[in-house]
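Only one structure is covered here, and it is reproduced in the block below.
Naming convention: chains lettered A, B, ... in sequence-line order (proteins, then strands); numbering from 1 in each chain.
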Amino acid sequence: MFKRGIPIAILSLTGTLLVAAHFSPMTQSWGEVVLNWFSVVAAITAILGAGNLLLVNLEKISSRRPGWAYSAITIAAFAAMLVFGFLKIGAVPNPQNPTVYFAGDYETRESAYGWMYEYVMSPLTATMFALLAFYVASAAFRAFRAKNIEANILLVTAFIILLARTYAAELLTGWVPKDSAFFFVRLDAMSTGVIEHVATAGMRAITIGIALGALATSLRFMLGIDKSYLPRS
Amino acid sequence: MSNPTTPSGGAKGPSPVAMIALLLFLLAAVADQTLFSEPYFARKYVDLKSNERIQARHTGADGESRTAWLEPTDQKIVSGEWKPVEGVDPVKWTTRPAVTEKEYEAVQAELAANPGTAPTRTLEASPIDTLGVWVAAFLTLAIFSFLWRDNPVYKVAESLLVGVSAGYWMVNGFWTALVPKLIAPLAPGFTQSNLLPDLQASSTPGLDFALALVPLTLGFLLLWRLAPRGGWISVWPLAFIIGTTAGLKVISSVEADLLPQSLEAMKPLVVFSPQADDAAKLGFDFWMSLSSLVGVVGVLSVLVYFFFSVEHKGAVGKTARVGIWFLMITFGSAFGLTVMGRITLLSQRFEFLFTDWLRIG
């Protein structure tokens with residue numbers, strides 16, 4: 001009952017209420033209340049995540065496992081962000097209420113939290129994603145093999161898209177007039193045509209498939225058919 | 001890939017003396033560039049903007065008195081409609097939005113051309129922001145060092161990213177969700193006087209308090225997962241999270257994805273458009289018709305490929321094969337666009353290093 005019945009009831013009730021809130025104005029405010037609860041619970045999951053982060057890293061430090069110093073850096077960075085953010089260090093006052101210290105905006109570039117975001121988190125995240133340019137390309141080079149028609153189609157499409165966004169495209173096919181009957185041999189026209197007409201059709205079908213899948217999965221959960229989230233014992 | 005070296009446990013780690021020497025060199029370089037040198041490497045400029053607010057009072061026709069913090073030059077004060085409150089000190093602070101070096105040089109040139117005139121803007125070099133550029137440049141290079149191999153400098157940057165990101169999202173969740181949606185209904189007086197002065201007083205504080213206890217309880221049960229016993233209770237808030245997501249998905253997947261995409265796929269296969277020589281006349285548009293045909297065939301064939309309840313044989317198999325070709329083109333273009341997106345990010349990082357930091361180009 002407590003381990004299975006109540007969770008199933010909570011899930012069905014919450015899901016049904018949100019669906020009902022969309023169709024019935026009478027239950028609209030209930031839906032808003034549930035969404036407010038959801039954002040609070042989601043914020044608390046961040047605390048759970050932080051707790052896990054602390055547990056794992058503190059355990060690593062206390063047992064002096066290899067790489068414990070990196071765990072100390074993680075915890076120090078985490079603690080610094082919490083102190084800067086919660087205490088709003090350096091935040092400019094709220095113009096409407098300048099005497100209320102915690103009413104100030106903690107995200108402005110004048111604050112310590114804003115500085116950490118602008119000069120630490122943002123460059124780190126952007127460079128981490130930029131680094132993937134090398135690995136995506138090298139992984140593709142190692143994994144892609146033009147063994148059959150399908151692989152060839154994928155490779156040729158990727159090649160056209162990549163080439164069309166370089167100066168080589170202008171050099172190779174830029175001399176074909178845009179208003180000629182053979183404009184479609186231009187690499188930029190080919191790339192636009194492939195993306196706008198062919199790939200869009202494929203992406204549309206994928207989106208429809210995902211939507212149907214999400215709808216079916218949601219209904220399975222709400223109707224109590226899928227209970228994979230419940231403890232096994 | 002070679003084994004990572006660690007400052008704590010690895011045998012191949014750099015010596016502490018070398019690390020301290022490197023750190024001292026970097027600090028000296030930053031201090032030199034920030035405080036003493038002519039602008040050569042990174043230097044950020046800011047526009048110092050002074051702000052001031054004074055507390056003013058207004059008494060309405062009904063005799064009700066209201067107070068607010070206004071700028072001294074606010075029309076309400078200038079006109080005498082609002083009167084400054086006696087005995088309350090004005091509050092002053094400075095903001096410093098970033099400006100480009102060109103803006104800074106333009107202001108300096110203007111001052112040099114008109115000596116003795118008061119500057120219209122107070123632009124100055126910002127040591128804290130200059131330090132920030134150095135830190136960002138070091139961290140950028142630290143991440144790029146992974147291209148050589150996994151190394152302690154990269155690991156330091158990676159550990160920093162994990163800690164800073166976790167702290168960022170936790171603080172964000174606290175100020176955007178917990179304070180207005182949990183703490184405010186539980187302690188409205190405290191919240192209004194200390195955290196959110198703009199908070200509107202609720203007409204049903206008792207009900208709000210009771211309703212706020214629900215997510216508080218769910219959150220408490222969620223955190224119980226960390227306790228040594230009774231962790232199964234966290235499945236209750238988990239059910240709530242899944243239920244909310246499912247309820248939202250039922251609506252959004254139909255409303256935002258299924259119906260609009262299905263409607264877009266239903267296009268006339270033969271398209272007539274106004275002719276170039278005579279706009280009043282409609283003529284057969286080959287390219288638009290081809291586009292519609294490709295769109296409909298593509299969507300239907302890919303959906304047939306996704307339909308696994310029927311064996312992919314005969315006509316269904318052939319159609320599914322066409323669907324695979326469409327999918328391959330879609331994946332190929334997605335791959336190409338992803339790679340180009342990453343390369344754009346990469347070029348932005350190089351632009352930061354060369355322009356903002358090294359000031360080359």
Need one label for [X]: side chain, backbone, both or neither, based on atoms under 4.5 Å from any heavy atom in chain B.
X	answer
Val41(A)	both
Tyr229(A)	both
Ser39(A)	both
Thr45(A)	both
Phe84(A)	neither
Met222(A)	side chain
Ile149(A)	side chain
Ser191(A)	neither

Side chain, backbone, both or neither of [X] within contact of chain A (heavy atoms, under 4.5 Å):
X	answer
Ala68(B)	neither
Trp236(B)	both
Leu337(B)	both
Glu264(B)	both
Val297(B)	neither
Val254(B)	side chain
Phe350(B)	neither
Ile233(B)	neither

message = Given Ser218(A), which partner from the list Ile242(B), Val250(B), Thr245(B) fulfils the side chain to side chain contact (heavy atoms under 4.5 Å, CB included) test?
response =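 Passing option: Val250(B).
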message = As a test of understanding, state which of Ile75(A), Ile73(A), Leu124(A), Thr74(A) forms a side chain to side chain contact (heavy atoms under 4.5 Å, CB included) with Val162(B).
response =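 That would be Thr74(A); it is the only one of Ile75(A), Ile73(A), Leu124(A), Thr74(A) passing the side chain to side chain contact (heavy atoms under 4.5 Å, CB included) with Val162(B).
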Atom [atom1] in [X], atom [atom2] in [Y]: separation rounded to 0.5 Å?
X	Y	atom1	atom2	value
Ser333(B)	Glu196(A)	OG	CD	11.5 Å
Ile329(B)	Ile153(A)	CD1	CD1	5.5 Å
Leu293(B)	His197(A)	CG	NE2	12.5 Å
Tyr119(A)	Leu131(B)	OH	CG	9.5 Å

So which of [options] has the largest heavy-atom pair count under 4.5 angstrom toward chain B?
options	result
Ala214(A), Pro93(A), Gly209(A)	Pro93(A)
Phe221(A), Tyr117(A), Tyr113(A), Phe23(A)	Tyr113(A)
Leu215(A), Leu13(A), Leu155(A)	Leu215(A)
Tyr106(A), Phe159(A), Phe184(A)	Tyr106(A)
Ala50(A), Pro123(A), Gly202(A)	Pro123(A)
Leu131(A), Leu55(A), Leu17(A), Val92(A)	Leu131(A)

Does a side-chain heavy-atom distance below 4.5 Å link [X] with [Y]?
X	Y	result
Tyr135(A)	Arg342(B)	no
Phe306(B)	Ile206(A)	yes
Tyr168(B)	Glu107(A)	yes
Trp69(B)	Thr99(A)	yes

So which atom in [X] and which in [Y] form the shortest heavy-atom distance, rounded to 0.1 Å?
X	Y	value
Ala140(A)	Phe335(B)	CB-CZ, 3.3 Å
Val235(B)	Lys3(A)	CG1-O, 4.2 Å
Glu150(A)	Met328(B)	O-CG, 3.5 Å
Ala211(A)	Asp257(B)	CB-CB, 3.7 Å
Leu161(B)	Met121(A)	CD1-O, 4.3 Å
Leu303(B)	Ala205(A)	CD2-O, 3.8 Å

request  = Anything under 30° is parallel, anything over 60° is perpendicular, the rest tilted; go ahead and classify Phe86(A) against Phe174(B).
outcome  =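 Taking Phe174(B) first and then Phe86(A), their aromatic rings stand perpendicular (interplane angle over 60°).
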ask   = Of all of Leu70(B), Asn51(B), Val135(B), which one pairs up most often with chain A through heavy atoms under 4.5 Å apart?
value =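 Greatest number of close heavy-atom pairs with chain A: Val135(B).
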message = Quick check on the 6.0 Å ring-centre criterion: do Trp287(B) and Phe183(A) meet it?
response =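 That pair passes the under 6.0 Å test.
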message = Test your reading of the model: is there a side-chain donor-acceptor pair from Trp37(A) to the backbone of Phe240(B), 3.5 Å cut-off?
response =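 Here the side-chain-to-backbone pair does not exist.
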message = Between Arg109(A) and Arg96(B) (side chain of the first, backbone of the second, donor and acceptor by atom type, cut-off under 3.5 Å), is there such a pair?
response =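 Answer holds: yes.
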